[in-house]
Student: 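Would you mind keeping the following structure in view while I ask a few things?
Reckoned from all heavy atoms, side chains included, excluding hydrogens, waters and symmetry mates. Sequence lines set the chain letters: A, B, ... in the order given, protein chains first and strands last, and positions in each chain run from 1.
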Amino acid sequence: MTATRTAPLDPARIRRARRNLLRWYDAHKRDLPWRHSRDPYAIWVSEVMLQQTRVETVRERWPAFLARFPDLAALAGASEQEVLKAWEGLGYYRRARFLHRAAQTLVEGGAACLPADREALRALPGFGAYTAAAVASIAFGQPAAVVDGNVYRVLTRYLDDDGDITTAAVKRRIEDTAQALLAPRRAGDWNQAVMELGATLCTPRRPRCEACPLRRDCAGLAAGEPTRLPCKPARKATPHHDIAAGLVWRDGRLLIARRKADGLLGGLWEFPGGKRRQGESLEAARRREVQEETGLVVEQAEPCVSIDHAYSHFRITLHLFHCTAGPGEPQAVACEDPRFIGVDELADYPFPRANRRALDLLQAGGGAPDLGGGAVHGD
DNA sequence: AATGCGTGGGC
DNA sequence: TGCCCAAGCAT
């Protein structure tokens, strides 16, 4: 059923939705830490952290980030590496860099706080349509409707709109509906209520329609199969790569290098390595990649651990090799800032998850001075 | 408009 | 296990 045959959003239906959903929200909303804050900066951090990230993860990480960077000035005054370290493990690291850059932009412009206006927020790095509306409404009470994945699911079902949600026409329909429904005097609560409904009752697979405050007016439920919505195109298969990297030791210290700021895992540190080419052995790939990135010719490698890891759009197996550096200083050929660091310094650097997991396995398998040495096989 | 960008949990 | 999904953004 398409939206064209959906019952129009008449004023009575809108009033009913607002009243019923807000009443339900007041009674059933989860006790989330950021809901106790009225600080626009803290709310902003929570919204950025929540982008494509589970509430249960943010529940733990948001207080720690706020303790580390309590206000706009603290964040703006930090180094990018410090911010990335606080973001380690959260993924989508570009978010952290944009958060930092936006804070610096604001402070340099003499601002003591975030702007309250949706359009002004939208102009800052890392503020898309969603985050601008979320901060404007939740922190400043502005009547700006949010549209996130929850809202798409709740409203396509509410309207029984079976259009492809990646198309502009459906996006516009959902945005317009979200804005029409928004309770203007409780904009922040309303937005959170729709998202809360999507997160707890109107879930992708097994919605609890019997408990839904919108069930009376839900066209998707009336049509019988709300779980078929929202409609989205099938995902393409994700490729797999083998990555070979070196744990390159010199005098009890380990070689690490920083990834370039843009792209995958931008700004994080890693052990030099890269993709194995077709027909190439893992050890040959390890040797080639270490040389290409740092200029160091490193022989005599011994395989020590392999880690399977899934990124958003491909999967890898990370194969690590213990090896010993010969003479010569590493150069920033195809990496940034290569350096040997002590094992006790590893905790100071932001590493991608796969690297961190490899270190954990090695430490569990052996210990100092060479993080185990022998072969440890993770999965 | 289509892609690239992390990670962890659920089934 | 493999796939989907989660309070998106930038290019």
Student: Would you say the side chain of A:Thr53 and the base of B:dG6 hold a donor-acceptor pair, judged only by whether the two atoms sit under 3.5 Å apart?
Tutor: yes
Student: Could you tell me the separation between the CZ atom of A:Arg315 and the P atom of C:dG2, rounded to a whole number of Å?
Tutor: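 These atoms are roughly 6 Å apart.
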Student: Roughly, in whole Å, what's the span from CD in A:Glu56 to C1' in B:dT7?
Tutor: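 The answer, rounded to whole Å, is 15 Å.
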Student: Is the shortest side-chain heavy-atom distance between A:Val333 and A:Pro338 below 4.5 Å?
Tutor: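 Not touching, per the 4.5 Å side-chain cut-off.
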Student: Would you mind reading off the distance between A:Tyr25 atom OH and C:dA7 atom P, rounded to a whole angstrom?
Tutor: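 It is 14 Å, rounded to the nearest whole Å.
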Student: Applying a 4.0 Å non-hydrogen cut-off, can you work out what A:Arg30 is touching in the nucleic acid: base, sugar-phosphate, or nothing?
Tutor: base
Student: With a non-hydrogen cut-off below 4.0 angstrom, is A:Leu268 in contact with a base, only sugar-phosphate, or nothing?
Tutor: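 Counting heavy atoms under 4.0 Å across all strands, no contact is made by A:Leu268.
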Student: Of the candidate nucleotides B:dA1, C:dA7, B:dT7, which contains the atom at the shortest distance from the side chain of A:Ala168?
Tutor: B:dA1
Student: Can you see if the side chain of A:His313 gets near the phosphate of B:dG4 - specifically, an N or O under 4.0 Å from OP1 or OP2?
Tutor: no
Student: Looking at the side chain of A:Arg122, which of B:dG8, B:dG6, C:dA10 is the nearest nucleotide?
Tutor: C:dA10
Student: Any side-chain donor paired with an acceptor under 3.5 Å for A:Asp164 and A:Thr166?
Tutor: yes
Student: Could you work out which one of C:dA7, B:dC5, C:dA10 sits closest to the side chain of A:Phe98?
Tutor: C:dA10
Student: What is the distance, to the nearest angstrom, from the OH atom on A:Tyr152 to the P atom on C:dA6?
Tutor: 13 Å
Student: Using the P atom on both, measure B:dT3 against C:dC4 and round to a whole Å.
Tutor: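 After rounding to an integer number of Å, I get 16 Å for this pair.
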Student: Could you report the tightest heavy-atom contact between A:Asp348 and A:Lys85, atom names first, then the distance?
Tutor: O-CD, 3.9 Å
Student: Taking any heavy-atom pair under 4.0 Å as a contact, classify A:Thr131: base, sugar-phosphate, or nothing.
Tutor: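 Contact class for A:Thr131: sugar-phosphate only.
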Student: Just how far, in rounded Å, is C1' of B:dG8 from CZ of A:Arg353?
Tutor: 9 Å
Student: Between the base of C:dG8 and the side chain of A:Tyr130, is there any donor-acceptor pair under 3.5 Å?
Tutor: no
Student: Will you find, in the side chains of A:Thr53 and A:Arg95, an N or O donor that is under 3.5 Å from an N or O acceptor?
Tutor: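 There is such a pair (donor and acceptor under 3.5 Å, judged by atom type) between the side chains of A:Thr53 and A:Arg95.
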Student: Below 4.5 Å, heavy atoms only, C-beta onward: do A:Pro272 and A:Leu296 meet side chain to side chain?
Tutor: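 No, side chains not in contact.
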Student: Identify which nucleotide among C:dC5, C:dC9, C:dA7 has an atom closest to any side-chain atom of A:Gln192, counting heavy atoms from C-beta outward.
Tutor: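 Minimum distance to the A:Gln192 side chain belongs to C:dA7.
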Student: Using whole Å, what does the distance between atom P of nucleotide B:dG6 and atom CG of A:Leu264 come to?
Tutor: 5 Å
Student: Specify the residue among A:Gly91 and A:Lys236 whose closest nucleotide of DNA chain B lies further upstream toward the 5′ end.
Tutor: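 Nearer the 5' end of the strand: A:Lys236.
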Student: Taking 4.0 Å as the cut-off, does a side-chain nitrogen or oxygen of A:Tyr92 come that near to OP1 or OP2 on C:dA6?
Tutor: no
Student: Report which part of the nucleic acid A:Arg101 touches: base, sugar-phosphate, or nothing (heavy-atom distance under 4.0 Å, all strands).
Tutor: nothing
Student: Closest to the A:Gln52 side chain: C:dA7, C:dG8, B:dT7?
Tutor: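 So the side chain of A:Gln52 is nearest to C:dG8.
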Student: What contact category does A:Trp62 fall into here, base, sugar-phosphate, or nothing, at under 4.0 angstrom with non-hydrogen atoms?
Tutor: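 No contact.
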Student: Need one value for A:Thr57: base, sugar-phosphate or nothing, where a base atom within 4.0 Å counts as base even if backbone is also close, heavy atoms only.
Tutor: nothing
Student: In whole Å, I'd like the distance from the CH2 atom of A:Trp87 to the P atom of B:dC5.
Tutor: 18 Å
Student: Of the options A:Gln81, A:Arg339, A:Arg356, A:Glu270, which is the one that meets A:Tyr349 in a side-chain hydrogen bond (donor to acceptor under 3.5 Å, both in side chains)?
Tutor: A:Arg339
Student: If you assign A:Phe351 and A:Arg205 each to the DNA chain B nucleotide with the nearest heavy atom, which residue ends up on the more 5' nucleotide?
Tutor: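 First, find each residue's nearest nucleotide; the 5'-ward one identifies A:Phe351.
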Student: Can you tell me how far C1' in C:dA7 sits from the matching atom in B:dA2, rounded to whole Å?
Tutor: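 After rounding to an integer number of Å, I get 23 Å for this pair.
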Student: Round to the nearest Å and state the distance from A:Arg94 atom CZ to C:dG8 atom P.
Tutor: 14 Å
Student: Does A:Arg13 make a cation-pi contact with A:Tyr158, if we ask for NZ or CZ under 6.0 Å from the ring centre and within 45° of the axis?
Tutor: yes
Student: Quick check on DNA chain C: between A:Phe127 and A:Gly198, whose nearest nucleotide comes earlier from the 5' end?
Tutor: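 Whichever sits nearer the 5' end wins; that is A:Gly198.
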Student: For A:Gly89, report the nucleic acid contact type (base, sugar-phosphate, nothing); a contact means any heavy atom under 4.0 Å.
Tutor: sugar-phosphate
Student: Within the structure, does a side-chain N or O atom of A:Arg153 lie under 4.0 Å from either OP1 or OP2 of C:dA6?
Tutor: yes
Student: Please work out if A:Ala129 contacts a base, only the sugar-phosphate, or nothing of the nucleic acid, heavy-atom cut-off 4.0 Å.
Tutor: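 Here A:Ala129 touches the backbone only, sparing every base.
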Student: Classify the nucleic acid contact of A:Lys171 as base, sugar-phosphate or nothing, counting any heavy atom under 4.0 Å across all strands shown.
Tutor: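 No contact at all - A:Lys171 keeps every heavy atom at 4.0 Å or more from the nucleic acid.
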Student: With heavy atoms under 4.0 Å as the rule, sort A:Leu90 into base, sugar-phosphate or nothing.
Tutor: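 Counting heavy atoms under 4.0 Å across all strands, the contact made by A:Leu90 includes a base.
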